[in-house]
Amino acid sequence: MNSDPRWLRDGYSEKWHRFSEEVLPLWVADMDYPLAEEIRSALIRRLDFRLGYGLQGGDPRLKEAIAGWLQRRQAWSVSPDQMWLNSSVVGGLHAASLGLCSAGEEILCLTPIYPPFMSAIASHGRVPKYSALVWGGNAAGYRIDFDHLRAQISPATRLLMLCSPHNPSGRVWSRAELEGLADLALRNRLWIVSDELHADLIFEGTHLPIADLSEEVAERTVTLTGPGKSFNIPGLAIGVAISRNRQLLERLKQASTGLLGGPNVLAQEAMLAAYTRGEPWLAGVLETLRHNRERLGTWIATHLPEAAYHPPEGTYLAWLGLEQLKLPCEPGKFLLEQGLVAFNEGSSFGPGGEGHVRINLATQPQILDRALSRALQALSPLRGEYPA
Ligand SMILES: Cc1ncc(COP(=O)(O)O)c(C=O)c1O
């Protein structure tokens with residue numbers, strides 16, 4: 001793989017062009033790996049034809065491929081008529097906020113959380129009810145405080161907005177945790193919208209969709225997913241909302257009529273190629289991510305043992321707490337200014353995110369090493385150490 005930042009700076013991207021050239025960017029969730037050949041050739045093949053409107057409602061071959069993918073990888077049976085193909089998972093969160101909840105009603109959400117969850121709630125006048133995950137130390141990581149979560153629920157609470165696997169903590173919720181969340185939703189007649197965009201990026205075991213826990217849960221759940229993260233094609237813009245309860249899908253569609261379009265024809269070709277022929281590429285990427293996760297773990301144990309860190313169980317995002325270091329400002333800002341390395345600022349992930357940074361591990365090992373050594377150089381004077 002090419003680890004020359006000059007190659008990565010080719011073609012304008014949010015990741016590589018937000019900051020100046022001296023900065024190593026390990027922030028926004030975008031991978032530094034070449035496109036899967038299967039996707040590249042499918043896109044080129046499509047360009048030999050026309051780029052007219054795709055079929056309304058989406059390519060039927062694609063819907064079959066999605067059903068096959070979910071069956072193979074998650075043992076989840078979904079049929080094409082339970083899918084709504086659209087152009088954005090975040091758009092799906094907004095559609096759920098609008099379609100399953102009214103202004104002034106409440107949405108339950110675990111924090112810290114991928115920031116668009118918070119805007120999907122607040123920008124439509126819905127009321128956020130946040131419950132911060134509880135840090136149990138480096139060996140245990142985060143857990144859900146179910147008592148606190150339950151206490152947030154009122155008669156005005158309509159929806160549980162879940163991120164599974166969880167961005168930014170990298171938690172892959174256990175069956176027991178998902179059952180706890182589903183139970184809480186059923187008892188309180190909440191809808192569930194579950195963003196499972198990182199489902200293909202888990203390091204052990206298979207992903208368990210919350211909708212697959214029981215018929216009852218399936219009836220109350222909309223699952224949002226897509227190939228954007230796992231195949232690194234977010235710039236193509238495609239997502240799928242899935243529910244056994246077609247009325248819920250209708251409500252999302254109605255709420256976003258004219259605003260959230262269907263996916264473009266190139267995005268559909270890419271997703272079809274990914275879900276029918278992309279598995280070997282994905283397996284290779286997971287191997288690299290596993291190594292990078294180990295590299296980071298070793299680096300923390302050696303150089304920064306006071307950091308709060310539990311290895312991500314899924315996603316390619318690592319979540320690092322630096323509160324113990326008593327930095328003079330927020331850690332992302334400090335590391336950007338003093339170390340010329342860009343991580344996401346923890347405070348942007350809402351309550352519980354302060355004092356943390358999110359590190360994107362989907363890069364070449366050499367770039368990760370370079371970024372970590374810059375971070376160490378920046379942090380060492382504060383810790384009374386001056387590396388050679
Ligand atoms: C949990 C999660 N949901 C949604 C998105 C973005 O989805 P989309 O680009 O399809 O709107 C991201 C991107 O990082 C993400 O991490």
Side-chain angles (χ1 to χ4, degrees), residues 13-15 18 25-33 39 58 62 66 83-98 107 109-121 123 133 142 160-173 192-202 207 209-210 222-242 252 256 259-264 266-268 270-271 274-275 285 289 312-319 342-346 348-350 353 357-363:
S13 69
E14 179 71 359
K15 185 177 192 181
R18 166 75 73 91
L26 277 73
W27 65 295
V28 65
D30 200 335
M31 296 180 181
D32 291 340
Y33 307 138
I39 296 180
L62 175 55
I66 295 170
M83 298 175 193
W84 170 39
L85 277 168
N86 55 52
S87 56
S88 162
V89 169
V90 166
L93 291 172
H94 282 260
S97 174
L98 283 163
I107 299 181
C109 185
L110 297 167
T111 64
I113 190 67
Y114 174 58
F117 276 63
M118 295 183 284
S119 21
I121 300 171
S123 55
L133 295 169
Y142 279 111
L160 168 67
M161 223 179 230
L162 178 66
C163 191
S164 170
H166 184 249
N167 173 3
S169 74
R171 275 301 318 275
V172 170
W173 307 118
I192 301 172
V193 61
S194 184
D195 174 340
E196 303 188 5
L197 188 55
H198 292 264
D200 296 313
L201 296 163
I202 67 176
H207 172 76
I210 192 166
V222 177
T223 305
L224 306 174
T225 191
K229 296 296 112 178
S230 31
F231 288 93
N232 202 41
I233 50 171
L236 280 173
I238 189 162
V240 59
I242 301 170
L252 266 63
S256 54
L259 299 173
L260 182 59
N264 66 71
L266 289 176
Q268 292 186 69
M271 188 174 182
Y275 279 15
V285 162
L289 295 178
E313 298 153 354
T315 80
Y316 50 79
L317 309 164
W319 183 243
F343 301 143
N344 285 81
E345 192 75 83
S348 66
F349 294 82
V357 287
R358 192 191 73 174
I359 304 177
N360 180 343
L361 296 176
T363 189

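Read the numbers this way: they start at 1 and go in the same order the structure lists the ligands and their atoms. All of these numbers come straight from a predicted model, not from anything done at the bench. Residues take their numbers from the sequence shown, with the count starting at 1.
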Q: Please answer whether the main-chain N or O of D30 pairs with a side-chain N or O of N232 as donor and acceptor at a distance below 3.5 Å.
A: no
Where do V222 and L224 land on the side-chain contact (heavy atoms from CB on, under 4.5 Å) test, with the steps shown first? CA-CA 7 Å; V222 177; L224 306 174; 4.1 Å; yes
Review point. Is there a donor-acceptor contact under 3.5 Å from the side chain of Y33 to the main chain of T363?
Key: yes
Contacts for ligand 1, heavy atom under 4.0 Å, by chain and number, are A29, S88, V89, V90, Y114, C163, N167, D195, L197, H198, K229
> How are the rings of W173 and H166 set to each other: parallel, tilted or perpendicular (split at 30° and 60°)?
Replying inline: tilted
With sequence neighbours left out, the residues meeting salt bridge (charged side-chain N to carboxylate O under 4.0 Å, His left out) with R171 are E177, E313
Only residue of N167, V193, D195 satisfying side-chain contact (heavy atoms from CB on, under 4.5 Å) with F117 is D195
